[in-house]
Amino acid sequence: MTGSRSARPVRIGPRAAAALVLVSAIGVMAFGWPLLAGGGSGVTTHSEGAPWLFAALLVLLVGVVVATVADGGLDAKSVAMLGVLAAVGAALRPLGAGTAGLEPMFFLMVLSGRVLGPGFAFVLGSVTMFASALLTGGVGPWMPFQMLSMSWFTMGAGLLPGPERLRGRGEVLMLAAYGCVAAFAYGTAMNLQGWTLVGGLGSGISFAEGAPLHENLVRFLAYCLATSLGWDLGRAVLTVVLTLTLGPTLLRALRRATRRAAFDARASFDAGNSLDDRNSSEARTSSDARTSSEARAD
C-alpha cells in the first residue's frame with residue numbers, strides 16, 4: 001500500500017561510497033596542507049591551491065553523481081528534488097549574510113540530509129553552496145572550501161543513526177544537537193582556510209609558516225576564539241532554534257515528498273503478462289465496441 005510505505009533515503013552504493021571517500025580525503029589534505037608544509041616549500045597558503053582544488057572538486061563532484069546514478073541511487077525525480085532544495089538553500093543564505101553568523105540555510109541542510117541520505121546530502125551541500133556563491137557574488141578562493149565544508153556538514157546529518165526507526169521529539173532533539181555541533185565544526189573548517197591568508201594579527205594567533213604542528217594548532221585555537229566564536233555561536237543557535245520549531249513540519253513534508261517520489265522503487269516488466277494483459281484489453285475493447293454497435297442497430 002502506498003500509504004504505509006516508509007520514506008527511504010536515496011541509497012548509496014559501493015561506487016558512490018568510494019567516490020565520497022576519495023573526494024573527502026582530498027578535501028582533508030587541501031584543508032590541512034599548510035599546517036604540514038615546511039618553510040620555503042612554496043605552498044603554504046590556501047589561496048595558491050584554491051583554483052586547482054575547485055577544478056578537482058567539480059570533477060570529483062560529477063564523479064560522485066555519476067557513481068550514484070550507476071548504483072541506481074539517482075534518477076530524474078531525485079535530481080529534480082536536488083534542484084529544488086539547492087535553490088531554496090541558496091535563497092535562504094543571503095537572508096542572514098553579514099548578521100552575526102545567522103545563516104538559516106543550515107537547518108534545511110540538516111533536515112534534508114537526514115531524510116535523503118548521505119550520498120544525496122553530500123551533492124546537495126556542494127550544489128547549494130555553489131549556487132549561493134553565484135547568487136550573492138561570493139566567488140573567491142574560499143568557495144571550494146565552503147563547498148566541501150557544507151557537503152560534510154550535510155552528509156553528517158545523513159549518517160546519524162536510526163533514519164527509519166527514530167521519530168518524533170527524540171529525532172528532532174538529535175538533529176538540533178547535531179546542528180549545533182556541526183555549525184561550530186563548519187566554522188572551524190572555514191577558519192582553517194582563512195587563517196593562513198591573514199597575517200599580522202598578533203604573535204600569538206597568526207599562522208607561522210614552517211612552525212611545528214603543535215605550535216600552529218595552539219595559534220589556530222586562539223585565532224578561532226578571538227575572531228569567530230561569536231559568528232559560530234550565532235549560526236549554531238539559529239540552527240537549533242529553527243530545527244526545534246520548524247523541524248517536525250519540514251521533516252514530515254520531506255518524507256511525504258520522498259514517499260511519493262519512491263526513490264527506492266525499481267521498475268520491473270513481465271513480457272508474458274504484459275502481452276496477455278494487452279490481448280485481454282484489446283478483446284474487451286472489441287467486445288464493447290461490438291455490443292455498442294448492436295445496441296445502436298436495435
Asks: In Å and rounded to the nearest 0.5 Å, what is the CG to CG distance from L242 to L108?
Replies: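 Here the interatomic distance stands at 10.0 Å.
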
Asks: Please give me the minimum heavy-atom distance between M129 and M147, naming the atom from each residue.
Replies: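 Smallest heavy-atom distance, with atoms named: CG-N, 3.9 Å.
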
Asks: What are the two closest non-hydrogen atoms of V115 and L251, and how far apart are they?
Replies: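 Result for this residue pair: CG2-CD2, 3.6 Å.
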
Asks: Taking all atoms of both residues into account, what is the closest heavy-atom pair of A189 and S149, and its distance?
Replies: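 A189 and S149 have their closest heavy atoms at CB-OG, 3.7 Å.
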
Asks: Partners of Q146 by side chain to side chain donor-acceptor pair (under 3.5 Å), sequence neighbours excluded?
Replies: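 If we apply the side chain to side chain donor-acceptor pair (under 3.5 Å) test to Q146, skipping adjacent residues, there are no hits.
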
Asks: Got a second to check how far L82's CG is from L124's CG, nearest 0.5 Å?
Replies: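 Here the rounded value is 6.0 Å.
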
Asks: Measuring only between side-chain heavy atoms, which start at C-beta, is S112 closer than 4.5 Å to L254?
Replies: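 Yes. Closest side-chain heavy atoms under 4.5 Å.
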
Asks: Does the side chain of I205 come within less than 4.5 Å of F220's, by heavy atoms?
Replies: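 In short, these two side chains do not touch, never coming nearer than 4.5 Å.
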
Asks: Which of parallel (below 30°), tilted (30 to 60°) and perpendicular (above 60°) describes Y178 and F153?
Replies: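 Plane angle between 30° and 60°, so tilted.
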
Asks: Please determine whether side-chain contact (heavy atoms from CB on, under 4.5 Å) holds for the pair F145 and L192, giving the CA-CA distance in whole Å, both sets of side-chain angles, and the decisive distance to 0.1 Å.
Replies: CA-CA 10 Å; F145 297 95; L192 185 59; over 6 Å; no

Asks: If I compare all heavy atoms of S132 with all of A90, which pair ends up nearest, and what's the gap?
Replies: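 Answer, listing the atom of S132 first, then A90: N-CB, 3.7 Å.
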
Asks: With sequence neighbours excluded, what pairs up with F107 under the ring-ring contact (aromatic ring centres under 6.0 Å, His included) test?
Replies: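 So F107 forms no ring-ring contact (aromatic ring centres under 6.0 Å, His included) with any residue.
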
Asks: Tell me, with the steps shown, if F122 and S24 meet side-chain contact (heavy atoms from CB on, under 4.5 Å).
Replies: CA-CA 10 Å; F122 187 92; S24 295; 4.1 Å; yes

Asks: Can you get from M29 to V21 by hopping between Ile, Leu, Val, Met, Phe, Trp and Tyr side chains that sit under 4.5 Å apart?
Replies: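 Shared cluster, no.
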
Asks: Could you report the tightest heavy-atom contact between M81 and A257, atom names first, then the distance?
Replies: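 Here M81 and A257 meet closest at CE-CB, 3.5 Å.
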
Asks: Ion pair present between R252 and E171, side-chain N to carboxylate O less than 4.0 angstrom?
Replies: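 Salt bridge between R252 and E171, a charged N being under 4.0 Å from a carboxylate O: no.
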
Asks: Would you say the side chain of T243 lies within less than 4.5 Å of the side chain of L173, judging by non-hydrogen atoms?
Replies: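 No; the side chains remain at least 4.5 Å from each other.
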
Asks: State, with a plain yes or no, whether a side-chain heavy atom of V172 is found less than 4.5 Å away from one of R114.
Replies: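 Of all side-chain heavy-atom pairs linking R114 with V172, none is under 4.5 Å.
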
Asks: Could you tell me whether the side chain of T128 reaches within less than 4.5 Å of the side chain of L85, counting heavy atoms only?
Replies: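 No. Closest side-chain heavy atoms not under 4.5 Å.
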
Asks: Rounded at 0.5 Å granularity, tell me how far CG in L217 sits from CZ in R219.
Replies: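 Here the interatomic distance stands at 11.5 Å.
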
Asks: Mind checking whether F184 and V181 sit in one hydrophobic cluster, side chains of I, L, V, M, F, W, Y counted as touching below 4.5 Å?
Replies: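 No; tracing contacts between hydrophobic side chains, which count when under 4.5 Å, never links both residues.
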
Asks: Which atoms form the tightest heavy-atom contact between M109 and T154, and what is the distance?
Replies: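 Answer, listing the atom of M109 first, then T154: O-CG2, 3.3 Å.
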
Asks: Would you check if L148 and I26 make a side-chain contact, meaning some heavy-atom pair closer than 4.5 Å?
Replies: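 No, their side chains stay 4.5 Å or more apart.
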
Asks: Quick check: do L238 and F106 have side-chain heavy atoms less than 4.5 Å from each other?
Replies: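 When only atoms from C-beta onward are counted, F106 and L238 do not touch, as no gap falls below 4.5 Å.
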
Asks: Could you walk me through whether W152 and F31 pass ring-ring contact (aromatic ring centres under 6.0 Å, His included), step by step?
Replies: CA-CA 13 Å; W152 291 331; F31 271 100; 5.7 Å; yes

Asks: Think R235 forms a cation-pi with Y186, using NZ or CZ under 6.0 Å from the six-ring centre and within 45 degrees of its axis?
Replies: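 No, cation not above the ring by the 6.0 Å, 45° rule.
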
Asks: Evaluate the criterion side-chain contact (heavy atoms from CB on, under 4.5 Å) for residue pair M174 and R169; output intermediate values, then yes/no.
Replies: CA-CA 9 Å; M174 179 184 68; R169 187 161 184 80; over 6 Å; no

Asks: Please test L175 against L244 for side-chain contact (heavy atoms from CB on, under 4.5 Å), starting from the C-alpha separation and ending with a verdict.
Replies: CA-CA 9 Å; L175 292 175; L244 292 177; over 6 Å; no

